[in-house]
Amino acid sequence: MSDRKLVIAAAQLGPIQKAEGRDVAVGRMLRLMEKAHQRGVQVVVFPELALTTFFPRWYEEDIANAAHWYETSMPSNATAPLFEAAKKYGIGFHLGYAEKTPDGHHFNTAIYVHPSGETVLKYRKVHLPGHRDFDPIRKVQHLEKRYFEVGDLGFPVIRAPLGDTEANIGMMICNDRRWPEAWRVMGLQQVELVMLGYNTPSLNMDNRGFEAHHLRVEHSHLSIRAGSYQNACFAVATAKAGTEDGHELFGHSIIVNPQGEIMAQATSWQDELITVEADLGMCALGRSTIFNFAAHRRPEAYGSITGQIGSTPPPAWRPG
């Protein structure tokens with residue numbers, strides 16, 4: 001055990017309905033922050049798009065009609081109470097939201113905010129799932145490619161003060177968790193704590209294939225556990241959960257340690273705070289043994305990972 005200990009929390013949110021304003025969501029987050037303070041939490045992780053319903057499920061021909069879903073400044077008047085609560089309680093927090101930049105770009109974004117109210121790190125989602133145009137085959141649209149641009153910040157990691165210690169922190173959003181490249185880029189920066197939020201449907205609505213209902217949570221947890229283990233880091237994965245505007249989000253927020261073990265898991269589809277005491281010293285074992293990158297990585301054999309996008313068939317064997 002080490003003296004680099006940190007109390008971290010996943011602050012799962014129940015559904016946010018389309019008709020509900022940001023004040024409703026922020027009010028619920030403030031109650032979770034108060035509860036976190038009562039439990040001695042030092043870092044709280046809120047979900048992806050925590051201020052609104054998951055609006056990419058609706059098609060708008062004119063994207064300007066979706067402008068009200070985006071934040072043009074942070075903090076804004078609506079979110080200022082979160083920053084004030086961080087100062088009051090001495091808690092840092094992660095917040096996911098839809099961002100519109102001053103020059104008109106749109107991103108699915110997350111920030112980590114220090115208890116002083118300063119933004120320490122910003123991340124913009126890279127792996128956008130779904131599609132750009134209306135898809136008549138789907139029961140529910142998933143239009144992230146319509147409403148967001150591919151993130152332009154990469155996968156940054158920064159060493160930041162968290163509670164009474166410092167940690168190397170990074171972020172990803174929802175679908176990023178399924179891509180091992182995202183984890184590895186941060187692992188190569190010695191990330192110790194990955195914060196990620198998600199809004200994931202309980203059913204795969206792409207009717208071109210089949211994914212069993214029970215595997216939706218399994219695949220989410222599998223990705224997070226593998227990423228944490230293979231990069232020797234903690235992960236706080238926080239969901240939006242429950243039936244949102246008639247569509248079910250599966251929740252199951254988790255906190256995972258560097259051995260890939262689930263330390264805590266949400267058990268409801270409502271607002272729920274799960275907490276653990278993380279010993280950041282645990283990150284040292286993996287990165288000094290099995291995943292000692294300096295000793296064992298062979299990047300000369302990995303060229304196709306960055307050299308191509310789609311997969312290609314192998315050459316065929318021919319006798320003689």
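Using a 4.5 Å heavy-atom cutoff, the side chains of L82 and L30 are in contact. Residues E99 and E71 form no side-chain contact, since every pair of their non-hydrogen atoms from C-beta on lies 4.5 Å or further apart. Residues P81 and M29 fail the side-chain proximity criterion, which asks for heavy atoms closer than 4.5 Å. Taking 4.5 Å as the limit, every side-chain heavy atom of L285 sits out of range of all side-chain heavy atoms of P258. Residues L153 and K122 meet the side-chain proximity criterion, which asks for heavy atoms closer than 4.5 Å. Put simply, the side chain of E261 does not reach to within 4.5 Å of the side chain of V256, judged on heavy atoms. At a threshold of 4.5 Å between non-hydrogen side-chain atoms, the residues L95 and V113 do not count as touching. By the 4.5 Å heavy-atom criterion applied to side chains, E272 and T267 are counted as neighbours.
Here the closest heavy-atom approach between residue T238 and residue V236 is recorded as OG1-CG1, 3.8 Å. In terms of heavy-atom proximity, M74 sits nearest to L51 at CE-CD1, 4.5 Å. Pairing each heavy atom of S202 with each of W269, the nearest pair is OG-CZ2, 4.5 Å. In terms of heavy atoms, A11 sits closest to L32 at CB-CD1, 4.0 Å. Nearest approach of G242 to P15, heavy atoms of both residues: CA-CD, 4.1 Å. In terms of heavy-atom proximity, E144 sits nearest to L128 at OE1-CD2, 4.0 Å.
Formation of a donor-acceptor pair under 3.5 Å by the R184 side chain with backbone atoms of Q230 is found in this model. E48 places no side-chain N or O within 3.5 Å of a backbone atom of G96 that could act as its donor or acceptor partner. E192 places a side-chain N or O within 3.5 Å of a backbone atom of N168 that can act as its donor or acceptor partner. Although no hydrogens or angles enter the test, the distance criterion places no donor-acceptor pair under 3.5 Å between the side chain of R28 and the main chain of I16. A donor-acceptor pair under 3.5 Å links the side-chain atoms of Q42 to the main chain of V7, judged by distance alone. Here the side chain of Q189 pairs no donor or acceptor atom with the backbone of I169 at under 3.5 angstrom. Between the side chain of Q141 and the backbone N or O of Y59, no donor-acceptor pair lies under 3.5 Å. Panel note: side chain S253, backbone A239; a donor-acceptor pair is recorded below 3.5 Å. Side chain of Q308 to main chain of G310: a donor-acceptor pair is present (N/O by atom type, distance under 3.5 Å, no hydrogens or angles). A donor-acceptor pair is defined here as one N or O able to donate and one able to accept, closer than 3.5 Å; no such pair exists between the side chain of H94 and the backbone of M171.
Electrostatic pairing of K125 and D176 does not count as a salt bridge here, judged by no charged N lying under 4.0 Å from a carboxylate O.
Atom CZ of R159 sits in a crowded spot, with more than 12 heavy atoms from other residues, nucleotides or ligands closer than 6.0 Å. For CG of N77, the number of neighbouring non-hydrogen atoms (other residues, nucleotides, ligands) closer than 6.0 Å is 12 at most. Counted within 6.0 Å of CG on D164, heavy atoms from surrounding residues, nucleotides or ligands total 12 or fewer; the atom is thus considered open. The environment of K145 atom NZ is dense: over 12 non-hydrogen atoms of other residues, nucleotides or ligands sit within 6.0 angstrom. Atom CD of E181 has more than 12 neighbouring heavy atoms from other residues, nucleotides or ligands inside a 6.0 Å radius. More than 12 heavy atoms of other residues, nucleotides or ligands lie within 6.0 Å of CZ in F83, so this atom counts as buried by the packing criterion.
Under a hydrophobic-cluster definition in which Ile, Leu, Val, Met, Phe, Trp and Tyr are linked whenever side-chain heavy atoms come within less than 4.5 Å, directly or via other members, Y123 and V43 are assigned to the same cluster. Criterion: ILVMFWY side-chain heavy atoms under 4.5 Å apart, direct or through other members. Under it, F148 and I63 are part of a common hydrophobic cluster. Linking Ile, Leu, Val, Met, Phe, Trp and Tyr whenever their side-chain heavy atoms come within less than 4.5 Å puts V45 and L193 in one cluster. Hydrophobic clustering (side-chain heavy atoms under 4.5 Å, transitive across Ile, Leu, Val, Met, Phe, Trp, Tyr) keeps I173 apart from W179. Hydrophobic clustering keeps L222 apart from W183 (ILVMFWY residues linked when any side-chain heavy atoms are closer than 4.5 Å, directly or through intermediates).
With 3.5 Å as the limit, one finds no donor-acceptor pair spanning the side chains of R22 and T79.
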So N231 and F293, side-chain contact (heavy atoms from CB on, under 4.5 Å) or not? Walk me through it.
CA-CA 9 Å; N231 295 280; F293 295 158; 3.9 Å; yes

Show your working on side-chain contact (heavy atoms from CB on, under 4.5 Å) between C283 and Q190 and close with a plain yes or no.
CA-CA 9 Å; C283 299; Q190 299 182 7; over 6 Å; no

H142/F54 under ring-ring contact (aromatic ring centres under 6.0 Å, His included): CA gap, chis, key distance, verdict:
CA-CA 9 Å; H142 194 153; F54 185 74; 5.4 Å; yes

In sequence, state the C-alpha distance, the side-chain angles, and the governing distance for T200 and R177, and then conclude on side chain to side chain donor-acceptor pair (under 3.5 Å).
CA-CA 12 Å; T200 306; R177 71 193 188 272; 3.1 Å; yes

In sequence, state the C-alpha distance, the side-chain angles, and the governing distance for I290 and Y229, and then conclude on side-chain contact (heavy atoms from CB on, under 4.5 Å).
CA-CA 10 Å; I290 295 174; Y229 167 62; 3.8 Å; yes

Step by step, work out the salt bridge (charged side-chain N to carboxylate O under 4.0 Å, His left out) result for D271 and R31.
CA-CA 9 Å; D271 297 357; R31 288 190 286 275; 5.5 Å; no

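Ring planes of W69 and F55: parallel class, angle under 30° (limits at 30 and 60°). Ring geometry, Y89 versus H37: the interplanar angle falls under 30°, so the pair is classed parallel (tilted spans 30 to 60°).
Between the CG atom in N257 and the CZ atom in R225 there is a gap of 9.0 Å [rounded to 0.5 Å]. A distance of 4.0 Å separates OG1 in T53 from CG in D245, rounded to the nearest 0.5 Å. A distance of 8.0 Å separates NZ in K35 from CD in Q38, rounded to the nearest 0.5 Å. The CE atom of M282 sits 11.5 Å away from the NZ atom of K5 when rounded to the nearest 0.5 Å. With rounding to the nearest 0.5 Å, the separation of CD in E61 from CZ in R146 is 5.5 Å. Atom CG of L13 is separated from atom CG of L49 by 11.5 Å, given to the nearest 0.5 angstrom.
Judged by the 6.0 Å and 45° rule, R216 forms no cation-pi pair with F250.
Here the two rings, on Y97 and F46, have centers that are 6.0 Å apart or farther.
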